[in-house]
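Remarks on the structure that follows.
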Amino acid sequence: EAGVAQSPRYKIIEKRQSVAFWCNPISGHATLYWYQQILGQGPKLLIQFQNNGVVDDSQLPKDRFSAERLKGVDSTLKIQPAKLEDSAVYLCASSFSRDRGYEQYFGPGTRLTVT
Amino acid sequence: GDSVTQMEGPVTLSEEAFLTINCTYTATGYPSLFWYVQYPGEGLQLLLKATKADDKGSNKGFEATYRKETTSFHLEKGSVQVSDSAVYFCALSEVFGSGTKLNVKP
């Protein structure tokens, strides 16, 4: 079974530039998550999708971050414009269901450096 | 809102020592609890889970018991190995603790 795919793996941009990350979840997984993980901290949920609908985006900085999940499969997360404090690893995860008993499967992450 | 608190690291142990990593939570309702592990250079992966009170999750010699009365889900292993060196995260569905780094010395 293929895992969660993410690209790119690394990205370096200057502040005020824009960047986009892509995620392909495990086939058949209805729920998709984007997390931000700052060095030395645990993952922080940015947005959760159920199929192609948003379930929770309460911690997404909507003035600069946006995300979509077209057709309920792949997803993109965009930052525009980037700030220095956006430097982090962006993790995508998927699960079979958003029912709380289901575990999440994580991709390798995208390490973003904003200079 | 929901929250997870886990002991700060790093934790340094000698091989074959007993491991405990404390985790407590605050939540409404009846959440499921998870331990995820991140080995060096790898992504986060599930270590074990428990979905209701008094359940014990176990995997690879690790165990954790869902204690509703103390709102805890402490991770234990009787004899750690060098290969257990990693960062361990306690989680309450989408809410993660800050992680505890474990270093095991031969």
Side-chain angles (χ1 to χ4, degrees), chain A residues 1-10 21 23-26 29-50 54-60 67 75 88-111, chain B residues 1-11 21-25 27-53 55 57-59 62 64 66 68 73 75 86-102:
Chain A
E1 179 183 75
V4 176
Q6 289 188 248
S7 67
R9 293 294 309 277
Y10 306 90
F21 312 126
C23 173
N24 181 240
I26 292 173
H29 279 194
T31 310
L32 185 146
Y33 312 80
W34 282 103
Y35 291 90
Q36 179 192 60
Q37 186 177 19
I38 293 172
L39 187 64
Q41 299 181 18
K44 172 188 151 186
L45 181 69
L46 293 175
I47 189 167
Q48 179 186 161
F49 292 94
Q50 177 71 9
V54 175
V55 173
D56 182 359
D57 63 356
S58 57
Q59 299 191 90
L60 186 74
S75 178
V89 176
Y90 290 84
L91 297 169
C92 179
S94 69
S95 68
F96 177 77
S97 166
R98 61 184 289 250
D99 289 344
R100 292 195 155 196
Y102 286 93
E103 64 265 32
Q104 296 175 52
Y105 294 80
F106 285 82
T110 297
R111 183 176 299 276
Chain B
D2 296 353
S3 67
V4 174
T5 302
Q6 63 180 106
M7 64 187 286
E8 291 191 15
V11 173
I21 300 178
N22 290 336
C23 172
T24 57
Y25 68 91
T28 55
Y30 303 94
S32 295
L33 297 169
F34 303 83
W35 277 101
Y36 288 88
V37 59
Q38 189 167 33
Y39 297 104
E42 298 185 18
L44 274 163
Q45 56 186 279
L46 178 72
L47 180 60
L48 53 83
K49 70 177 185 181
T51 57
K52 61 182 186 294
D55 265 4
S58 61
N59 186 24
F62 290 88
Y66 187 154
K68 196 169 190 302
F73 193 53
L75 182 68
V87 181
Y88 293 82
F89 294 92
C90 183
L92 204 166
S93 296
E94 306 86 41
V95 180
F96 283 73
S98 56
T100 303
K101 185 172 184 179
L102 171 65

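We name chains A, B, ... by the order of the sequence lines, and we start the count at 1 in each one.
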**Complete:** Here the pair of heavy atoms bringing A/P43 nearest to B/L44 is CG-CD1, 3.7 Å
**Fill in**
Across all chains, not counting sequence neighbours, the side chain to side chain donor-acceptor pair (under 3.5 Å) partners of B/T28 are none
**Item:** Residues of residues 34-42 of chain B near chain A, each having a heavy atom less than 4.5 Å away
**Value:** B/F34, B/Y36, B/Q38
**Request:** Check the pair A/Y35 / B/E94 against side-chain contact (heavy atoms from CB on, under 4.5 Å), numbers first and verdict last.
**Result:** CA-CA 9 Å; A/Y35 291 90; B/E94 306 86 41; 3.7 Å; yes
**Asked** Non-hydrogen atoms of chain A under 4.5 Å away: do they reach the side chain of B/L33, the backbone, both or neither?
**Response** neither
**Asked** Listed by chain and number, what are the salt bridge (Lys or Arg N to Asp or Glu O under 4.0 Å) partners of A/E103, not counting sequence neighbours?
**Response** B/K49
**Message:** Using 0.5 Å steps for rounding, measure from the OH atom of A/Y105 to the CG atom of B/L46.
**Reply:** 7.0 Å
**Asked** A/S97: what forms a side chain to side chain contact (heavy atoms under 4.5 Å, CB included) with it, not counting sequence neighbours?
**Response** A/D99, A/Y102
**Complete:** Okay, A/Q37 and chain B: the region with an atom under 4.5 Å from a heavy atom over there is side chain
**Fill in**
When every non-hydrogen atom of B/S32 is compared with those of A/G101, the smallest separation belongs to OG-CA, 3.3 Å
